[in-house]
Amino acid sequence: MAAVQRLLRAAASSSSAGAAATGRRHMTAPAGFGFAEAERRRRPPQDRNVQWVFLGCPGVGKGTYASRLSRLLAVPHIATGDLVRDELASTGPLAAQLKEIVNQGKLVSDEIIISLLSKRLKKGEEKGESGFILDGFPRTVNQAEILDGVTDIDMVVNLKLREDIIVQKCLGRRICGQCGKNFNLACIDVKAENGLPPIYMSPLLPPKNCMSKLKTRDDDTDEVVRNRLRIYNEMSQPVEDFYQKQGKVLEFDLPGGIPESWPKLLQVLNLEDQEELKLATA
Ligand SMILES: Nc1ncnc2c1ncn2[C@@H]1O[C@H](COP(=O)(O)OP(=O)(O)O)[C@@H](O)[C@H]1O
């Protein structure tokens with residue numbers, strides 16, 4: 001059976017167990033996802049593109065580094081938060097339901113998120129995509145187990161940053177309402193104290209024509225950010241342990257902003273040559 005089909009079945013059966021326990025009706029997962037490309041995800045790593053997962057608190061920078069690596073390695077960067085926001089912006093039947101959940105900083109049900117992810121993978125496969133860098137998924141141990149049941153994850157990059165800085169970064173996040181690009185107005189300048197190193201992160205300012213169109217995400221208020229961090233510690237921290245036990249986690253403490261962190265990340269991933277090659281051929 002194709003991997004995506006298995007993903008959907010696993011999600012449907014895990015949520016129907018929950019539904020039976022609580023007496024609520026569960027959504028039926030979309031059916032009919034049979035395509036050969038999905039089987040590639042079980043091939044040995046040397047015969048396919050990378051299949052990586054990015055973990056880390058909300059606002060740590062998963063999107064920034066995952067999207068840079070996706071360009072470098074020519075694999076899709078799939079952020080489940082983006083899939084949720086696309087659905088929110090649509091007039092689809094899920095939009096109203098999702099809005100309430102996301103704006104409180106809560107997690108969307110495993111079944112809904114897996115259905116959105118499966119649709120995204122299917123679309124990519126039809127376009128000939130292979131490999132992936134997942135960002136924001138898995139966020140619960142149940143999601144990690146479902147993913148493990150259908151595909152092989154090669155590596156899990158766990159980005160780390162102090163929580164007080166994460167809150168500042170989330171509150172500084174802005175998105176251009178026109179071009180959709182992400183920026184950050186926060187200037188982080190934390191001095192060394194209590195044995196912790198200093199951290200400087202310059203703001204990521206938008207070009208002039210985006211400036212007047214900047215918007216703040218509805219879930220980036222102080223209260224919601226703190227709630228998301230609390231939920232991360234409760235629901236997603238165990239996902240780190242899940243992958244630790246498999247020996248797949250690469251811990252990466254962000255030393256600062258992009259200029260300091262990007263070269264260091266490439267170094268620990270052994271990808272410096274790849275970047276040089278790309279620059280040389282650009
Ligand atoms: N894997 C997931 N499981 C459940 N909910 C998710 C998942 N990924 C995204 N979401 C929902 O989308 C929201 C935004 O996600 P994301 O953009 O990844 O947040 P952040 O940028 O804070 O890491 C989350 O707060 C959650 O409601």
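Scope of the values below: all heavy atoms of this structure, side chains included, with no hydrogens, waters or symmetry mates. In each ligand, atom 1 is the first atom listed, and ligand 1 is the first ligand listed. None of these values were measured; they are calculated from a predicted model. Index from 1, following the sequence.
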**Asked** Donor-acceptor pair, Lys169 side chain versus Pro58 backbone, under 3.5 Å?
**Response** no
**ligand 1 contact on Gln104 by region, counting heavy-atom pairs under 4.0 Å** = neither
**Fill in**
re atom 4 (C) of ligand 1, the protein heavy-atom contact at minimum distance is Val108 O, 3.2 Å
**Complete:** Checking heavy atoms under 4.0 Å, the part of Ile113 that sits near ligand 1 is side chain
**Prompt:** Can you tell me which residue and heavy atom of the protein come closest to atom 13 (C) of ligand 1, and the distance to 0.1 Å?
**Reply:** Val102 CG1, 4.1 Å
**Message:** Within the 4.0 Å heavy-atom shell around Leu107, which atoms of ligand 1 are there?
**Reply:** 4 (C), 5 (N)
**Item:** Arg226 bridged to Asp222 by N-O distance under 4.0 Å
**Value:** yes
**Prompt:** Can Glu145 and Thr140 be said to form a side chain to side chain contact (heavy atoms under 4.5 Å, CB included), step by step?
**Reply:** CA-CA 9 Å; Glu145 282 169 349; Thr140 63; over 6 Å; no
**Request:** Among all protein heavy atoms, pick the one closest to atom 8 (N) of ligand 1 and tell me residue, atom and distance.
**Result:** Thr80 OG1, 2.8 Å
**Message:** Could you check whether Lys99 pairs with Glu87 (Lys NZ or Arg NE/NH1/NH2 to Asp/Glu carboxylate O, under 4.0 Å)?
**Reply:** no
**Request:** Pick whichever of Arg173, Arg139, Lys106, Lys62 has a heavy atom sitting closest to atom 18 (O) of ligand 1.
**Result:** Arg139
**Message:** Looking at Ile114, is its backbone amide N or carbonyl O close enough to the side chain of Ser118 to form a donor-acceptor pair, meaning the two atoms are under 3.5 Å apart?
**Reply:** yes
**Asked** With the threshold set at 4.0 Å, does a side-chain nitrogen-carboxylate oxygen contact exist between Glu260 and Lys264?
**Response** no
**Message:** Looking at ligand 1, would Ile101 count as a contact under a 4.0 Å heavy-atom criterion?
**Reply:** no
**Request:** Please report the shortest heavy-atom distance between Asp154 and Asn49, naming the atom on each side.
**Result:** OD2-O, 4.4 Å
**Message:** Quick test: of every protein heavy atom, which one is nearest to atom 20 (P) of ligand 1, and how far off is it to 0.1 Å?
**Reply:** Arg228 NH2, 3.6 Å
**Message:** Looking at Glu251, I'd like to know if its CD atom is crowded, meaning that more than 12 non-hydrogen atoms belonging to other residues, nucleotides or ligands lie closer than 6.0 Å.
**Reply:** yes
**Fill in**
Quick note on ligand 1: atoms under 4.0 Å from a heavy atom of Gly136 include exactly 1 (N), 2 (C), 7 (C), 8 (N)
**Request:** State the atoms of ligand 1, each with its element, that fall below the 4.0 Å cut-off from a heavy-atom position in Gln143.
**Result:** 1 (N), 2 (C), 3 (N), 4 (C)
**Prompt:** Relative to ligand 1, is Glu87 under 4.0 angstrom through side chain, backbone, both or neither, heavy atoms considered?
**Reply:** neither
**Asked** Who are the salt bridge (charged side-chain N to carboxylate O under 4.0 Å, His left out) partners of Arg173, not counting sequence neighbours?
**Response** Asp220
**Message:** Show me which atoms of ligand 1 lie under 4.0 Å from any heavy atom of Arg85.
**Reply:** 14 (C), 17 (O)
